[in-house]
Amino acid sequence: TIGMVVIGVSGTVASGTSTNGAIHKLPGRVGDSPIAGAGSYADSTAGGAAATGDGDIMMRFLPSYQAVEYMRMGTDPTVACQKVISRIQKYAPKFFGAIICANTTGSYGAACNKIPGFTQFHFMVSSPLLSRPTEQVVDCI
Amino acid sequence: MAAGRGGGWQGVAVALLLLAALTPAGAASAAALPVVINTWAFRTAAETAWRVLESGGSELDAVEKGCSQCEIDQCDGSVGYGGSPDESGETTLDAMIMDGNTMEVGAVADLRRVKNAIGVARKVIEYTKHTLLVGESASLFAVRMGFPYEDLTTQKSLSLYSEWLNQNCQPNYWKNVVPDSSKSCGPYKRREEVTYREEHTSSQRSVHNHD
């Protein structure tokens, strides 16, 4: 799955996702990716977020919407992402998932749930402060 | 009335706020935009989205083209055609796109036989008043919007499906059914005694199997 957030020079936010879903799923099963607020969310008055992982679990928590709401309240994007992961952890400590967050000033962050075999999350960032699209890594919590 | 006579301190506060807006921190924030951020190390998607912005495209254009690139590249096997076959061996696609100015959303789910899922999602925004189209009807909409019907099956997805069948359909997502879904393939029927136990395990999900 890819989830993407783009914030323009004027602070306009757009987001999106695309996926072929979980392998061997039941026909008809849909995950979090196409659900607004779950797979991704964008609000030009606050920021944007996109989630990835076990959509059957994550979509129950609307993590992208929640992260944007945290950022609207002034929470730093990294902390917003972490708070979202923590909320899911309380109910599903072994869930597989990660989220990226960015606010309208261009600050960004990411967080993921640490489980065996998934201790770091890789994501891409492009901005004028980076010479080219750059891979970044965050340690899972 | 008292507020109107606020005196000097409110004026100073306003002046400080205006000053704060002009500080280097504000400038730094401006320099940090635009920003493109995407999940996983999908570099070509990031490059495509960035190029769209550089060439004057909109933020929505950047998201659409960036994710479309991943669909073409079959990023990680988890995006686009030829990946993650379902229980019947078919690859289906889900995608969404959201405009943070208007809060419009276009999305498709369980899209069949159309490769450019996020392109179809964009058309849901542009040509309908709806938010989410699913299944065969979403595919029909896609064709009406000019997207070609294509087979999403590849040798890779066929191979993944065959291996799964040969492993007695393990793993799968059934529970409370007979025959025992942890040992056998279906077709399954519901077991009379239902166990309300949610196994919050992630054993079936990995960096190559995710939404």
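So you know, we letter chains A, B, ... as the sequences are listed, proteins then strands, and number each from 1.
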Residues Asp56(A) and Lys25(A) bridged, charged N to O under 4.0 Å: no
NZ/NE/NH1/NH2 to OD/OE distance under 4.0 Å, Arg51(B) and Glu54(B): no
Can a donor-acceptor pair be found between the side chains of [X] and [Y] at a distance below 3.5 Å?
X        : Y         : value
Ser68(B) : Asn116(B) : yes
Ser33(A) : Thr17(A)  : no
Ser15(A) : Ser40(A)  : yes

Ala98(A) versus chain B, the contacting section by heavy-atom distance below 4.5 Å: neither
Toward chain B, the part of Ile35(A) with a non-hydrogen atom under 4.5 Å: both
I'd like to verify something: which residue of [options] has the highest number of heavy-atom pairs under 4.5 Å with chain B?
options                                 : value
Leu26(A), Asn20(A), Val5(A)             : Asn20(A)
Gly16(A), Ala42(A), Gly55(A)            : Ala42(A)
Met58(A), Glu135(A), Gln136(A)          : Glu135(A)
Val13(A), Val125(A), Thr52(A)           : Thr52(A)
Ala50(A), Gly97(A), Gly28(A)            : Gly28(A)
Val137(A), Ile23(A), Val30(A), Thr45(A) : Ile23(A)

Based on non-hydrogen pairs under 4.5 Å, which of [options] is most in contact with chain A?
options                                 : result
Gln74(B), Met103(B), Arg122(B)          : Met103(B)
Glu87(B), Glu64(B), Glu71(B)            : Glu87(B)
Ala46(B), Ala107(B), Ala45(B)           : Ala46(B)
Asp110(B), Val79(B), Ile97(B), Asp76(B) : Val79(B)
Tyr173(B), Trp164(B), Phe42(B)          : Trp164(B)

Heavy-atom distance under 4.5 Å to chain A: side chain of [X], backbone, both or neither?
X         : result
Leu132(B) : side chain
Leu160(B) : both
Ala41(B)  : both
Thr92(B)  : both
Cys70(B)  : side chain
Val108(B) : backbone
Val105(B) : side chain
Arg112(B) : side chain
Leu53(B)  : side chain

Whether Asn103(A) side chain and Asp76(A) backbone form a donor-acceptor pair below 3.5 Å: no
Exam field: side chain Glu90(B) to backbone Ser88(B), donor-acceptor pair closer than 3.5 Å: no
Evaluation steps, side-chain hydrogen bond (donor to acceptor under 3.5 Å, both in side chains), between Ser44(A) and Asn101(B): CA-CA 5 Å; Ser44(A) 297; Asn101(B) 282 348; 2.6 Å; yes
Mutual orientation of the aromatic rings belonging to Trp40(B) and Phe121(A) [parallel < 30°, tilted 30-60°, perpendicular > 60°]: perpendicular
Mutual orientation of the aromatic rings belonging to Phe61(A) and Tyr91(A) [parallel < 30°, tilted 30-60°, perpendicular > 60°]: tilted
Report the distance from atom [atom1] of [X] to atom [atom2] of [Y], rounding to the nearest 0.5 Å.
X        : Y         : atom1 : atom2 : answer
Asp99(B) : Glu104(B) : CG    : CD    : 6.0 Å
Gln89(A) : Lys94(A)  : CD    : NZ    : 13.5 Å
Ile88(A) : Ile99(A)  : CD1   : CD1   : 7.0 Å

